[in-house]
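Keep in mind that this is a model prediction, so the values were computed, not measured. Just so it is clear: chains get the letters A, B, ... in the order the sequence lines come, proteins before strands, and each one is counted from 1. Note that these values count all heavy atoms, side chains included, but never hydrogens, waters or copies made by symmetry.
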Amino acid sequence: MELIILLICGGLTIITSLLVIFARNTVHSALWMVASFFFMAVLYLLLQAEFIAILQIIVYAGAIMMFIIYAIMMLNLRQEERAPMRKTKVVGVVALLVLFLELLVVAVGRGLLAIKGPVTDQLMAKFGHIAVLSNFLFSDYVLPFELASILLTAGVVGAVILAKQKSE
Amino acid sequence: MEMLEFVVPALNVKAILPQAILSLTALTVLLVGVSSPHNKKTSSLGYLSLVGVVVALISTLMINGARESAYNGMVLMDGFSSFITLIVCIVTLLTILSSINYQRFFPRLNCGEYYCLLLFAAVGMSFMGSAGNLLMIFLALETMSISIYVLAGFKSDEAQSIESAMKYFLLGAFASGFLLFGFALVYGCTGTMDLVKISAFLTAHPEVIHSKMLMGGVALMTVGFGFKVAMFPFHMWTPDVYEGAPTSITGFMATGVKAAAFAALLRVFFVALGHLQADWTGIMWLLAFLTMTIGNVVALSQTNIKRMLAYSSIAHAGYLLVGFVAGSKLGQSGILFYLLSYAFTNLGAFGVIALLGRDGGEYTSLDDFAGLGFKYPLMGLAMAVFMFSMAGIPPASGFMGKFYLFSSAMKAGFIWLAIFGVINSVISLYYYLRVVVVMYFKEVERDVVMPKPSAAVVVGLVIAAIGVLQMGIFPSYFWDMARQSVQAMLM
């Protein structure tokens with residue numbers, strides 16, 4: 001049962017992601033992205049990560065998507081004009097396909113014996129996903145957590161200064 | 001319901017002292033800048049951030065020698081991280097000194113946000129040197145990169161600066177994607193992101209070493225790091241970005257980003273993936289050769305000095321890769337020595353270039369330097385010293401740096417790579433010395449731009465020149481420091 005859901009949702013994630021790129025209309029592309037985020041959330045659920053699945057929907061499909069739609073609206077983006085297929089583009093497509101094939105080969109490689117981490121299904125079933133996640137976030141991963149806050153501060157300061165200077 | 005026990009983590013302040021000081025300074029500068037918005041004439045913000053960097057520098061020297069892993073392996077406090085933090089502090093110091101002068105031509109740069117982002121970038125850089133976990137490396141790299149994307153586009157009234165920021169941002173985000181994908185594959189293969197544990201896992205499971213997944217991860221990581229150090233074939237962005245960015249930031253990008261990216265590269269490849277050394281050496285050999293050759297050959301035909309130095313920075317990445325290919329402790333120490341020497345040299349050169357400015361414009365064509373050598377003898381002398389150092393002529397530090405790098409390659413058996421390195425240095429003589437020739441022997445055709453030095457930039461140039469000469473004439477002190485740093489690297 002789980003395998004069937006995994007295959008269906010995984011396939012739909014890939015298809016909707018491709019539609020994001022190939023849709024001619026930018027608004028359509030944004031809507032396909034929402035669909036893609038939803039299917040990805042299902043994949044997280046299958047991995048027992050219900051909190052991340054909810055965040056995926058609230059933060060990405062909800063908040064970030066709103067911003068993207070706003071940006072499209074403010075910039076008044078029309079349908080893109082079809083750019084002529086140039087030589088560089090052909091090279092790019094070929095390189096992309098080669099990379100994609102390589103990754104397929106990598107992904108098919110079997111026999112993983114990686115170290116098992118401390119977060120197991122049993123642990124999450126016992127305490128709940130949020131408890132386990134927050135415990136690790138504020139103990140073992142407290143420094144990356146702080147560094148991420150610096151990263152976000154830098155991003156906000158940068159975005160404000162670039163926008164502010166333009167309006168002056 | 002049973003509760004999960006929360007163990008309060010041990011907060012080892014000592015391990016992150018320089019970074020913490022830099023972050024606090026950044027926030028202070030930001031707040032001070034907001035509370036005094038109309039005071040564009042003074043350079044108090046610059047001096048305030050300068051104080052923070054000096055304190056961070058002193059704290060780095062004080063904790064130097066400590067050797068421990070903190071925050072559950074997230075931070076490796078060892079000689080290596082101290083050396084990188086030292087380079088980052090010096091780079092930031094010289095950049096701020098140069099910016100204080102440069103912002104007189106571009107008042108837009110004189111704001112809290114500029115210095116705040118500069119300091120945040122420094123935090124990211126020094127964490128890249130001390131990170132012991134792939135997660136930390138990625139976060140540190142992004143902190144550095146995002147700050148620098150914005151700094152490159154800070155002159156937002158100039159199309160060239162915007163183009164520079166946009167190009168760097170798009171390609172940089174793309175490269176970060178490759179890096180992250182590489183990290184993910186390595187994590188998938190080994191089950192841990194801790195560099196030391198990855199190495200231990202590979203020792204225990206030698207059959208994983210040649211799995212396709214790990215190889216794929218290493219290849220993708222090479223792309224990500226290669227972009228940041230401007231390695232061939234990921235160097236295309238360098239000239240446009242360096243030319244468009246404010247000159248004070250260009251020097252910062254060329255030296256700081258290179259130092260941080262090489263630090264992370266060394267840590268990941270030699271600490272975590274040391275078992276794969278035989279596999280990557282061949283590829284890196286070729287890339288080192290192509291990087292230095294292409295950088296030098298294209299630099300020959302440049303007439304804009306910022307573009308010329310951009311190609312020269314690609315060539316220097318090639319020289320540094322020679323030490324990487326050698327792979328020995330000697331090669332790694334050579335890289336550290338060269339990074340410090342390059343920081344002094346390059347920031348000195350960009351400091352001189354940033355002197356030539358007038359309200360809202362800068363003069364970066366080679367012809368703008370005509371006749372300046374005799375008119376401003378000290379400035380000309382400083383520029384000549386920096387150019388000699390880049391070309392690798394004794395007694396400047398660039399010579400010793402190249403000597404250590406190439407001799408480590410010779411000792412490791414890569415004779416041809418060392419020979420190609422020397423040939424490349426000879427090629428590069430042409431365009432470095434051309435700057436000196438133009439300064440001293442070229443007739444002045446139009447009215448000369450007067451350099452307008454201020455006290456800050458003079459101090460900065462003097463520090464850079466002393467650094468270059470000191471490292472060139474008495475290299476043993478710095479060489480011992482670099483060697484001990486590599487010896488003390490936590491494995």
Side-chain angles (χ1 to χ4, degrees), chain A residues 88 92 95-96 99 101-119 123-168, chain B residues 1-9 11 16 19 23 26-27 30 70-72 74-75 108 111 113-114 116-117 120-121 123-124 127 133 135-136 139-140 142-143 146-147 149-151 153-157 165 181 185 187-192 197 201 205 207-208 211-213 215-217 219:
Chain A
T88 46
L96 201 73
L99 184 70
L101 278 180
E102 277 175 358
L103 289 176
L104 267 186
V105 171
V106 163
V108 170
R110 285 173 299 116
L112 292 182
L113 27 75
I115 308 172
K116 295 275 187 301
V119 185
L123 195 72
M124 285 198 281
K126 196 170 170 196
F127 299 108
H129 183 224
I130 301 178
V132 174
L133 187 79
S134 51
N135 203 325
F136 276 101
L137 197 59
F138 291 103
S139 58
D140 287 0
Y141 292 89
V142 67
L143 194 64
F145 180 75
E146 295 296 332
L147 188 55
S149 68
I150 292 184
L151 168 61
L152 291 176
T153 314
V156 170
V157 170
V160 168
I161 190 73
L162 285 182
K164 195 177 92 181
Q165 285 195 341
K166 201 157 280 169
S167 64
E168 260 170 20
Chain B
M1 192 175 142
E2 216 179 327
M3 291 298 282
L4 196 64
E5 198 192 345
F6 177 69
V7 183
V8 180
L11 294 180
I16 54 163
Q19 291 93 336
S23 316
L27 293 174
L30 187 65
Y71 296 97
N72 194 30
M74 293 290 164
V75 170
R108 202 175 271 256
C111 61
E113 287 89 345
Y114 176 86
C116 170
L117 288 171
F120 275 149
V123 172
F127 265 129
N133 193 302
L135 193 62
M136 279 296 283
L139 283 170
E142 283 301 291
T143 310
I146 287 193
S147 310
Y149 300 148
V150 179
L151 287 171
F154 224 85
K155 291 198 273 181
S156 53
D157 49 344
F181 209 160
L185 290 180
Y187 174 65
C189 230
T190 58
T192 174
K197 281 185 197 151
F201 175 81
H205 303 271
E207 67 273 22
V208 179
S211 66
K212 283 175 194 144
M213 203 163 170
M215 289 290 182

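Neither the backbone nor the side chain of B:Tyr149 comes within less than 4.5 Å of any heavy atom in chain A. Proximity to chain A is absent for every atom of B:Ala70, based on heavy atoms less than 4.5 angstrom apart. There is no contact between B:Tyr114 and chain A, counting heavy-atom distances below 4.5 Å. Neither the backbone nor the side chain of A:Leu152 comes within contact range of chain B, judged by heavy atoms closer than 4.5 Å. Contact annotation for B:Phe120: only side-chain heavy atoms (C-beta onward) come within less than 4.5 Å of a heavy atom of chain A. Contact of A:Phe136 with chain B is not made at all, since no heavy-atom distance falls under 4.5 Å. Contacts between B:Val123 and chain A at a heavy-atom distance below 4.5 Å involve the side chain alone, from C-beta outward. Residue B:Ser23 touches chain A through its side chain alone, counting heavy-atom pairs closer than 4.5 Å. Looking at B:Leu151, neither its backbone nor its side chain comes within 4.5 Å of chain A, counting heavy atoms on both sides.
Residues A:Val105 and B:Lys212 approach most closely at CG1-CD, 3.4 Å, considering heavy atoms. When all heavy atoms of B:Ala140 and A:Leu147 are compared, the closest pair comes out as N-CD2, 3.7 Å.
Per-residue counts of heavy-atom pairs under 4.5 Å with chain A were compared for B:Val75, B:Asn133, B:Val150, B:Leu135; the largest is that of B:Val150.
Atom-to-atom distance recorded for B:Ile146:CD1 and A:Ile150:CD1 is 13.0 Å, nearest 0.5 angstrom. Atoms CG and CG, from B:Asn72 and A:Asp140 in turn, are 4.0 Å apart once rounded to the nearest 0.5 Å.
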side-chain contact (heavy atoms from CB on, under 4.5 Å) between B:Phe154 and A:Ile161, worked out: CA-CA 8 Å; B:Phe154 224 85; A:Ile161 190 73; 3.7 Å; yes
